[in-house]
2 protein chains.
Amino acid sequence: MHVARRERSRLPAAERRRQILEVASGLIAERGFWGLSMQDVADGCGLTVPGLLHHVGSKDGLLIAMLEHRDAEDARAWGDSVHDLRGLCAAIVRRNAAQPEIVRLFAVLSAESLAPEHPAHDYFVARQQDALDKLTRLAKPARDAEQLARQVIAMMDGLQLQWLRDQAGTDLVALWESAAETLFVVDPARRAPARIGSRR
Amino acid sequence: MHVARRERSRLPAAERRRQILEVASGLIAERGFWGLSMQDVADGCGLTVPGLLHHVGSKDGLLIAMLEHRDAEDARAWGDSVHDLRGLCAAIVRRNAAQPEIVRLFAVLSAESLAPEHPAHDYFVARQQDALDKLTRLAKPARDAEQLARQVIAMMDGLQLQWLRDQAGTDLVALWESAAETLFVVDPARRAPARIGSRR
DNA sequence: GTCTATAGGACGATAGAC
DNA sequence: GTCTATCGTCCTATAGAC
C-alpha cells in the first residue's frame, strides 16, 4: 500500500509524538497491527525508521502509546457528564458516529487482540471488564443489570461493525436509537418474576 | 509463534487440501490473515512452502479457498431446517458455542476485512448483506423487520466477541437466551397487528 | 532529534528437478 | 505431489555520526 511521504522537518518531541500516534492510528485502522509496517508510519511522518524508533522504542511500544493516548482522549471527552445508562450510550454512539476511523481502529484491534499472544491482548481484556463493570453499575436499578449491560455493549459493538461495513451511508445514531427502544423497553412481563408468556 | 511441524508424507490432493484448510483456519483465527505466514501453514502440514503453494496458488488463494470451504460446511449444516427467526438464531448460537475456533476465525477476518484492500473485503460485504436479507425475510411479520434483523445480527456478533474474550468459561448459549428474551419480547406496542400471540 | 548504514531475518513467489 | 534452490522485497532493530 502506498503511504504519502511527508517532507522532513525537525519538530519538538511532543508534537512529533502526537503526529506519530495520529498516523499510526490511521494505518492500524486500515491494516491491523500485524499488517502495520514501521516504514509506512515513518514515511507518513516524514521520518526514517530509526527516527521513528527513537520516539516509540519499538513497534509494540508504538501500539501501547497509541492505546494510552486514546484512553486519555476518551477520558477527557466525557469527564463524568452522564449518569444514566441510556444517556451515556447515546453520547458514546453520537461521538463514534463522528469518527469512523477510530471506531474501525478499535474494531480491528479488538478482534486481532483476541489472540493471547497479541501485544494488546491484556489491554482489551481489561477494557472489556472495565466497560462491563461501569455499565452494570449504571444499569443497577434494573433487574439483571449485568445482563443488560452485556447486551448494551454487544449491541453497540455489533451495530458499529455493520455500520462500518455498509457502503452506503447508514446512520449509526438512527440504528442505535432503534435498538435502544428495544433494549430499554419498559415491559411489565419482564419485571414480573413469573415470566408470563415467555418461552422456556 | 511456534507451529508444530508435522512429519512429511505424500497425501492424495483432496485430503491434503482439507488438511491445509484446517491448519490455515486455526492459524488465521489466531493471527488474522495479515499475520499469517505461508511458512507456518506449510510447517503445520508437514510441507515446504512451494509444496503448499502448489495446492493453493497464492496466499490470497488460500484465504478464498478457506472461505468457500466454510460456506460449504455451513450450507451442509443447516440445509433449510429452521424457518422461524428465533429458532434459527438459537440453532446458530448453539452451533457456534461448540466451535469457538471457527467463531474467532470469522470475528478476526470480519474485522480485518473492513479495509477495502483486504482480499476478503468483498466476501464479507456480500455476506453481511446476505445475512441481513435472509433474517429480514424471516422477521417479516414483525413491524420493522429489517431493524429487528439488524439488531439480532448485531447482538449475536457482539455477544460472541465478549464470549471469546472472557477468560472464564461464560456460556454463550445462556448469554444469547437472555438477550433473546429482550429482542423478541412480545410488546403490544411493537407487535405487528395481524399476528397477535404468534412468534415466528 | 534525526540521520546513514547495516545487520539479520522473514516474507511470498518462481524455476526446474524428481 | 513434493522437493531444493533462489530471487527480490520487506521487515524490526541497532550502532554510531552529526
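Numbers restart at 1 for each chain; the letters A, B, ... are given by sequence-line order, proteins then strands. It should be emphasised that the depicted structure is a prediction, and the values quoted were computed from it without experimental measurement.
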| Between the two ends of the helix from C:dG1-D:dC18 to C:dC18-D:dG1, what is the bend in degrees, rounded to 10 degrees, where each end axis spans five pairs? | 10°

Can you give each donor-acceptor pair under 3.5 Å made by side-chain atoms of residues 121-128 of chain B, sequence neighbours left out, with the distance rounded to 0.1 Å?
residue  : atom : partner  : partner atom : Å
B:His121 : ND1  : B:Ser113 : O            : 2.8
B:His121 : ND1  : B:Ala115 : O            : 3.4
B:Tyr123 : OH   : B:Asp71  : OD1          : 2.7
B:Tyr123 : OH   : B:Asp71  : OD2          : 3.1
B:Gln128 : OE1  : A:Arg165 : NE           : 3.3
B:Gln128 : NE2  : A:Gln162 : O            : 3.2
B:Gln128 : NE2  : A:Asp166 : OD1          : 3.3

| Residues forming a side-chain contact (heavy atoms from CB on, under 4.5 Å) with B:Arg6, sequence neighbours excluded | B:Gln19

| message | From C-beta outward on A:Thr48, which listed nucleotide comes closest to its side chain: C:dC3, C:dT2, D:dG1? | response | C:dC3

Under 3.5 Å, sequence neighbours excluded: what are the donor-acceptor pairs made by side chains of residues 42-55 of chain A?
residue : atom : partner : partner atom : Å
A:Asp43 : OD1  : A:Gln39 : NE2          : 3.0
A:Asp43 : OD2  : A:Arg5  : NH2          : 3.1
A:Thr48 : OG1  : A:Gly51 : N            : 3.4

| How many angstroms lie between atom CG of B:Asp157 and atom CD of A:Gln160, to the nearest 0.5 angstrom? | 12.5 Å

| note | Separation of C:dT2 atom P from A:Glu7 atom CD, nearest Å, is 15 Å

| field | Inter- and intrachain pairs under ring pair (Phe, Tyr, Trp, His ring centres under 6.0 Å), touching residues 23-44 of chain B, at least two apart | value | B:Phe33-B:His118, B:Trp34-B:His118

| query | For nucleotides 10-17 of chain C, read 5' to 3', which letter fits each nucleotide if B means a protein heavy atom sits under 4.0 Å from the base, S means only the sugar-phosphate is that close, and - means neither? | reply | -SSBBB--

| said: So, using salt bridge (Lys or Arg N to Asp or Glu O under 4.0 Å) as the criterion, who are the partners of A:Arg137 when residues are at least two apart? | reply: none

| Taking only residues two or more places apart in sequence, or in another chain, which ones meet A:Lys140 in a salt bridge (Lys or Arg N to Asp or Glu O under 4.0 Å)? | none

| note | In numerical order, the residues of residues 12-23 of chain A whose heavy atoms come under 4.0 Å of DNA chain C are A:Ala13, A:Arg16

| request: Report the residues that fulfil side-chain contact (heavy atoms from CB on, under 4.5 Å) with A:Glu7, sequence neighbours left out, ordered by chain and then residue number. | output: none

| field | side chain to side chain donor-acceptor pair (under 3.5 Å) contacts touching residues 93-109 of chain B (sequence neighbours left out) | value | B:Asp74-B:Arg95

| said: Going by the rule salt bridge (Lys or Arg N to Asp or Glu O under 4.0 Å), which residues pair with A:Arg70 if we only count those two or more places apart in sequence or in a different chain? | reply: A:Glu73

